[in-house]
K.L.:
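Next up is a structure, given as structure tokens.
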Amino acid sequence: MAATKYHDVRITVLKKLEVPEIHQEYAAEGVHSHCAKYKEGHEYICKSVVKPEGFCSWAWVAVQDKVVFLALGHDYPWIKQPGTEIVCCADGLHPVLYKLERIDS
């Protein structure tokens with residue numbers, strides 16, 4: 001049986017969002033109002049559908065299935081650009097939007 005060929009996938013921090021009304025009501029004292037881990041534009045390359053070093057484990061849970069889908073060569077019909085998906089991490093107090101892009105080699 002042949003090994004599955006995966007495309008690499010670029011993960012880009014597209015936008016860090018703030019939700020002040022939710023943060024004010026639910027966040028504990030001293031908690032940042034935005035994700036402190038990334039800067040917008042930061043990029044990671046995912047090889048063989050393995051979480052890139054330094055990438056947030058919580059965010060990986062939110063993007064992993066989409067990375068696998070793109071890495072297998074599939075496209076999302078609701079996105080204009082083939083091989084691309086936009087996804088948000090699951091942290092409701094510190095949402096971050098990521099752009100996933102299949103790297104066709």
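The first residue in the sequence is number 1, and the count goes up from there. Computed from a prediction, not measured in an experiment: that's the story for all the values here.
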K.L.:
Can you confirm whether Pro52 sits close enough to Ile11 that some side-chain heavy atom of one is under 4.5 Å from a side-chain heavy atom of the other?
P.N.:
yes
K.L.:
Within this structure, what is the OH-OH distance for the pair Tyr38 and Tyr98, rounded to the nearest 0.5 Å?
P.N.:
4.0 Å
K.L.:
How far apart are the closest heavy atoms of Ser48 and Asp8, and which atoms are they?
P.N.:
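Between these two residues, the closest heavy atoms are N-OD1, 4.3 Å.
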K.L.:
Supply the atom-to-atom distance Lys66 NZ to Ile86 CD1, rounded to the nearest 0.5 angstrom.
P.N.:
12.5 Å
K.L.:
Looking at every heavy atom in both Ala62 and Ala90, which two are closest together, and how far apart are they?
P.N.:
CB-N, 4.0 Å
K.L.:
Is the backbone of Phe55 close enough, under 3.5 Å, to the side chain of Lys37 for a donor and an acceptor to pair up by distance?
P.N.:
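Judged by distance alone, no pair lies under 3.5 Å.
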K.L.:
Would the distance check show the side chain of Asp75 and the main-chain N or O of Pro82 forming a donor-acceptor pair, the cut-off being under 3.5 Å?
P.N.:
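Checking the backbone N and O of Pro82 against the side chain of Asp75, no donor-acceptor pair under 3.5 Å is found.
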K.L.:
Hey, does His7 have a side-chain heavy atom less than 4.5 Å from the side chain of Leu70?
P.N.:
no
K.L.:
Begin from the C-alpha positions of Asp104 and Arg102 and carry the test salt bridge (charged side-chain N to carboxylate O under 4.0 Å, His left out) through to its verdict.
P.N.:
CA-CA 6 Å; Asp104 294 316; Arg102 181 176 53 244; 3.0 Å; yes
K.L.:
Using the side-chain contact (heavy atoms from CB on, under 4.5 Å) rule, take Ile45 and Ile103 through it: C-alpha gap first, then chi angles, then the decisive distance, then the call.
P.N.:
CA-CA 9 Å; Ile45 302 297; Ile103 300 171; 3.7 Å; yes
K.L.:
Asp91: what forms a side-chain contact (heavy atoms from CB on, under 4.5 Å) with it, not counting sequence neighbours?
P.N.:
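Asp91 satisfies side-chain contact (heavy atoms from CB on, under 4.5 Å) with Cys89, Leu93, His94 only.
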K.L.:
State which residues pass side-chain contact (heavy atoms from CB on, under 4.5 Å) with Ser33; sequence neighbours excluded, sorted by chain then number.
P.N.:
Glu18, His23
K.L.:
Does Glu21, at its CD atom, have more than 12 non-hydrogen atoms belonging to other residues, nucleotides or ligands within less than 6.0 Å?
P.N.:
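Yes, because the 6.0 Å sphere around CD of Glu21 holds more than 12 heavy atoms from other groups.
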K.L.:
Find the distance between CD (Glu53) and SG (Cys46) and round it off to the nearest 0.5 Å.
P.N.:
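The SG atom of Cys46 is 13.0 Å from CD of Glu53, to the nearest 0.5 Å.
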K.L.:
Would you call Val67 and Trp60 a side-chain contact if the rule is heavy atoms closer than 4.5 Å?
P.N.:
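The answer is yes; the side chains approach within 4.5 Å.
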K.L.:
Taking all non-hydrogen atoms of both residues, which atom of Gly92 and which atom of Val19 are closest, and how far apart?
P.N.:
O-CG2, 3.5 Å
K.L.:
Looking at CZ of Phe69 and CD of Gln64, how far apart are the two atoms once the value is rounded to the nearest 0.5 Å?
P.N.:
15.0 Å
K.L.:
When rounded to the nearest 0.5 angstrom, what distance separates CG in Leu17 from CD in Glu40?
P.N.:
8.0 Å
K.L.:
Quick one: do Ile79 and Val87 end up in the same hydrophobic cluster if we chain Ile, Leu, Val, Met, Phe, Trp and Tyr together by side-chain heavy atoms under 4.5 Å apart?
P.N.:
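Yes.
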K.L.:
Ignoring hydrogens and geometry, is there a side-chain-to-backbone donor-acceptor pair from Lys99 to Thr12 under 3.5 Å?
P.N.:
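Judged by distance alone, no pair lies under 3.5 Å.
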K.L.:
Would you say Val68 ends up clustered with Tyr44 if hydrophobic residues are merged whenever their side chains have heavy atoms under 4.5 Å apart, either directly or through other cluster members?
P.N.:
yes
K.L.:
Leu72 and Val9: same hydrophobic cluster, using ILVMFWY side-chain contacts below 4.5 Å?
P.N.:
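In one cluster: yes.
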K.L.:
Do Tyr76 and Thr84 have side-chain heavy atoms sitting under 4.5 Å apart?
P.N.:
no
K.L.:
Got more than 12 heavy atoms from elsewhere within 6.0 Å of NZ, Lys5?
P.N.:
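Yes, the 6.0 Å shell around NZ holds more than 12 heavy atoms from other groups.
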K.L.:
Counting neighbours of NE2 on His32 that are heavy atoms of other residues, nucleotides or ligands and sit closer than 6.0 Å, is the number greater than 12?
P.N.:
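Not buried by this count: 12 neighbours or fewer within 6.0 Å.
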K.L.:
Can you measure from CG (Asp65) to CD (Glu85) and round to the nearest 0.5 angstrom?
P.N.:
9.0 Å
K.L.:
I need the minimum non-hydrogen distance between Cys56 and Lys51, along with the two atoms involved.
P.N.:
O-CD, 4.4 Å
